[in-house]
Amino acid sequence: MSSIPVPGNTLYKASSLPVETRIDSLLALMTPEEKAGQLNQVFSGHDPKMLPELYPELRAGGIGSFIWAMGNPGMRKKLPDGSVALRNQIQQAAVEESRLGVPVLFGMDIIHGASTVFPSALGLACAFEPTLFERSQAVAAREARATGLEWVFAPMCDLARDPRWGRVVETCGEDPYLSSLCNAAQVRGFQGDSVAAKDKVAACLKHYLGYSAVTGGRDKNGTDLDEWSLQNLHLPAFRASVDAGAMTVMSAFNEIDGVPVVANHHVLTEILRGQLGFKGFVVSDWGAVSQMLIWGYAKDNADATRLALAAGNDMDMLSKAFVKHLPGLLKAGTLSQEVVDEAVRRVLRVKFMVGLFEQPYADESACVLSPPRPADVALARECAAKSVVLLKNEGEILPISRDIRKIALIGPFADAPKEMLGAWDGHGEWAVTLASGLREKFASASITVVKGCDVSVTPRIKTLQDGSVVPDDSEPPVTGDLESSAAVEAAEAADLVVMALGEPRGWTGEGGSRISLSLAGNQQALFDAVAATGKPIVSIIFSGRPLALPAVWKESAAVLYAWQPGCQAGPGLADLLAGDVAPTGRLSMSVPYEVGQCPIYYNHYRTGLPCDGALGFRDSGVSHAKYWFGHGLTYTEFAYGPVRVIPAAAGKPATAVATVSNVGRREGEELVQLYIGQLYCHEGVRPLQELRGFQRVTLKPGETREVRFQLTDEALGHFDRRGGFKVDQAEFQVWIAPHARVGTPAVHSTDPVPKTEDPVEADPEAVCFGCDRGSWSVVSVSFDSPYTNSGMAGVKKLLDDNPKTYWHTYHQDKKVSAPPHEVVFDMGRELMVAALTMTPRRSSDFGCAGVPDQCEFHLSLDGKAWTFAARGDFQGLATNPCRQVVTLATPVKARFLRFVATRVANDESCVVVAGIGVVEAPRLDSEVNISSYMFSI
Ligand code: BGC
């Protein structure tokens with residue numbers, strides 16, 4: 001500690017005293033300038049050797065923290081030689097040459113690994129295994145602390161809803177529940193039981209709050225947020241991570257309700273401290289205090305300082321506004337002493353807790369760089385394999401047979417080690433590529449590797465207003481030429497083609513917004529040329545966001561979404577390709593069909609119409625995501641039985657139960673997911689579905705297991721606008737399903753008052769229009785329909801996407817034969833039918849009140865031999881246009897569907913049907929994941 005004599009009480013140096021006593025003692029000695037210094041975080045440019053220039057400030061006690069003192073992770077630079085020694089010199093100037101000897105806190109962006117680089121968060125979240133985050137961040141914490149860091153700027157708790165926004169890669173995806181688990185696990189991994197331990201660091205939750213809600217996916221744009229969505233969508237992951245003990249929080253660049261977060265008292269104080277109970281300190285994001293001038297919120301930097309501190313932002317990252325203006329503001333009385341002291345207390349508390357006063361120096365000899373330890377490498381490999389999502393596996397082309405003789409590995413990501421490392425690579429210097437992984441795994445096969453086209457990245461540096469140089473992802477990379485002939489040649493000579501495609505990591509992360517979600521550069525042309533050879537293709541996509549790649553989904557026999565898999569990309573992927581490890585990853589973010597659908601996420605609000613939530617477009621039949629959140633195949637197939645709810649009894653919560661069967665040919669692990677949907681809520685509309693639990697089951701072929709989820713308050717509740725958690729008296733839909741937006745729910749009620757069955761009046765124009773009908777066609781009809789222009793032609797017209805056409809067997813002038821009326825469909829292929837649906841049409845539009853209030857569904861494999869499948873009783877639904885669902889006891893394989901209207905309400909000869917659909921048992925055909933095919937009026 002400082003050799004400079006300090007007047008008065010120096011109890012703060014006594015490690016045996018309680019932290020609060022030490023803080024009081026230190027605070028009492030500090031001048032306004034020294035207090036301002038503690039709240040000042042600096043950066044020294046990219047060259048750590050420039051740091052000594054800051055020594056005079058350090059000696060004056062004017063610097064509380066350094067960012068990136070050990071080199072710049074954003075510049076993909078390895079830890080420069082001697083940087084730990086340099087860090088110790090800085091510390092020496094603060095500890096031994098300043099008046100009070102308060103040590104400096106060193107922070108850095110260690111996001112998904114320091115030396116050992118793990119998959120980016122969006123990918124690792126696909127493992128649905130939060131302990132992987134805990135374990136991998138524990139490795140990162142050890143490696144970071146060994147390089148002299150006590151503080152890392154992770155985890156990112158933002159919610160990813162728009163893949164155009166490049167920073168989705170740093171999030172844990174679109175679901176608040178999964179994000180909460182994964183982020184809290186990261187906090188535990190970083191901080192452990194005692195953050196003073198030599199292998200632990202303080203975590204920083206970012207970007208608090210609402211940064212991911214930038215409109216249009218444009219990084220650093222404004223937001224359009226309300227209290228309801230803050231509480232239920234954007235806050236849960238922060239709340240869980242605060243509960244896990246996170247010591248710091250970073251305030252975000254964006255505004256909320258017109259007020260920049262860095263000066264938003266409601267967000268930083270009322271919510272963060274009042275509702276979430278956060279006790280640590282808040283650091284601004286990069287230059288965000290001064291940026292209030294650019295936003296046009298603050299008059300000048302003095303104003304910005306006052307606004308930020310008064311709102312509850314304690315430390316100023318890089319603006320140097322606090323350090324310049326705080327003493328003057330105190331003197332002028334425009335900033336309260338209490339506010340300043342509280343901010344300083346918070347910063348000092350973290351410094352005491354991480355043990356800096358006792359251990360200000362890093363052990364230069366212990367600095368662990370590369371190569372990572374074998375156990376860490378093994379973990380990185382496990383994480384890489386578990387983060388990959390199998391989207392498609394036609395004809396069980398995967399796993400690849402060990403007997404394969406010739407593989408062509410094609411694409412710019414086949415042998416690109418740095419690309420594997422992802423958006424933030426810490427100090428990681430090496431990665432094993434797919435090419436190396438395959439060569440090792442399929443040692444006896446001949447593997448030809450062809451790059452095919454280039455994806456290079458332009459230098460990414462920009463100069464900020466304050467003169468500092470920072471990474472800049474806004475410049476698109478230069479893409480190289482297409483050289484497809486070698487690729488085509490290799491494909492033609494091979495038994496199997498593996499294509500390694502995607503987007504460069506430099507297109508993701510900060511400033512990485514995209515206008516399209518296509519492959520970068522000439523990769524689409526490369527893919528098309530290779531696909532034209534007709535060889536079976538396994539596509540592996542490396543990307544920091546979900547991409548919309550219709551041709552790849554269609555033409556590839558199999559698709560693995562690999563994200564940014566980290567340093568063990570190659571071995572992890574090879575394990576999956578060879579079937580040594582079965583794929584278990586599930587999408588942490590939905591994959592759109594087209595960029596125009598974005599933002600698209602499974603948990604959107606329960607809208608008035610369309611009643612099945614299939615929000616669509618007039619110029620496209622597409623209303624769903626291509627692959628919804630939670631989707632992911634394994635190397636076997638699973639079928640789900642109907643969900644039932646066992647009511648609460650004897651103090652035990654209600655339980656949702658369903659059977660899951662392995663109907664495939666291999667043993668496999670299934671991730672069974674629990675979704676709930678609250679059917680009515682006076683406080684505000686609730687999402688169509690929300691993930692509230694998941695479990696793994698491993699089943700042998702033919703084996704069935706019952707899976708149970710308790711419907712606890714936690715599973716059913718939500719937050720009110722003041723941050724209170726509650727369970728409403730309401731009805732809830734409950735799904736046990738393999739992913740979001742599939743399956744048929746059971747209903748669970750916490751409402752003691754039964755609801756009255758008044759029909760819902762709704763706009764018939766909007767009824768389920770735009771659902772994907774696949775390749776259905778009408779085979780026969782048993783009646784003559786005057787209104788729809790007779791018989792089959794009329795019914796066929798139902799399939800023409802025109803909202804004005806419908807199946808209607810009644811006309812005022814000409815009655816048709818009495819029921820039963822039937823129509824037979826060819827569904828185009830065999831599918832596993834789990835449930836059948838009928839959507840009645842609001843009948844008042846037609847001058848009759850009839851719907852088929854009783855109907856039957858029959859199924860057939862060949863259109864000749866029929867089996868009765870289900871009976872639907874839709875009495876009383878004459879004016880309700882929402883889809884009615886009949887679940888089959890067990891899924892039935894069929895190609896033909898016969899719908900028979902056996903009884904018609906009110907008018908004996910009238911049938912008005914808007915849609916008939918099939919809910920497919922998941923997994924029969926990985927290509928199709930839209931849950932129903934409907935025809936619509
Ligand atoms: C980013 C943060 C990061 C900080 C420090 C900012 O531009 O938004 O995520 O932690 O820089 O590197």
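Whatever order the structure lists them in is the order used to number ligands and atoms, beginning at 1. Everything quoted here is computed from the prediction, not taken from an experiment.
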Exercise. Is the shortest side-chain N to carboxylate O distance from E150 to K351 below 4.0 Å?
Worked result: no
Seminar exercise, completed: protein heavy-atom neighbour closest to atom 3 (C) of ligand 1 works out as D109 OD1, 3.3 Å
For this session: Establish, yes or no, whether the cationic atom of R161 lies under 6.0 Å from the six-membered ring centre of Y601 and within 45° of the ring axis.
Result: yes
For this session: Would you please classify the geometry between the F43 ring and the W68 ring as parallel, tilted or perpendicular, with 30° and 60° separating the classes?
Result: perpendicular
Exercise. Is the closest heavy-atom distance from R167 to ligand 1 below 4.0 Å?
Worked result: yes
For this session: Return the residue, atom name and 0.1 Å-rounded distance of the protein heavy atom closest to atom 11 (O) of ligand 1.
Result: D285 OD1, 3.5 Å
Exercise. Do the ring planes of W563 and Y561 sit parallel (below 30°), tilted (30 to 60°) or perpendicular (above 60°)?
Worked result: tilted
For this session: Quick one: look at M156 and ligand 1, take heavy-atom pairs under 4.0 Å, and tell me if it's side chain, backbone, both or neither.
Result: neither
For this session: For W68, take its heavy atoms, then give the atoms of ligand 1 lying under 4.0 Å from any of them.
Result: 12 (O)
Exercise. In the protein, what heavy atom is nearest to atom 7 (O) of ligand 1, and what distance, to one decimal place, separates them?
Worked result: E510 OE2, 2.7 Å
For this session: Using a strict cut-off of 4.0 Å, indicate which atoms of ligand 1 neighbour a heavy atom of I67.
Result: 5 (C), 12 (O)
Problem set entry | Within 45° cone and under 6.0 Å: K206 NZ/CZ vs W424 ring | yes
Exercise. So which of E419, M420, R505 actually passes side-chain contact (heavy atoms from CB on, under 4.5 Å) with F542?
Worked result: M420
Seminar exercise, completed: min-distance protein heavy atom vs atom 9 (O) of ligand 1 -> H207 NE2, 2.6 Å
Exercise. Taking side chain as C-beta onward, heavy atoms only, is L517 less than 4.5 Å from C598?
Worked result: yes
For this session: Heavy-atom contacts with K206 under 4.0 Å: which atoms of ligand 1 show up? List them by number with element.
Result: 2 (C), 3 (C), 9 (O), 10 (O)
Exercise. Strictly under 4.0 Å, does any heavy atom of Y211 approach an atom of ligand 1?
Worked result: no
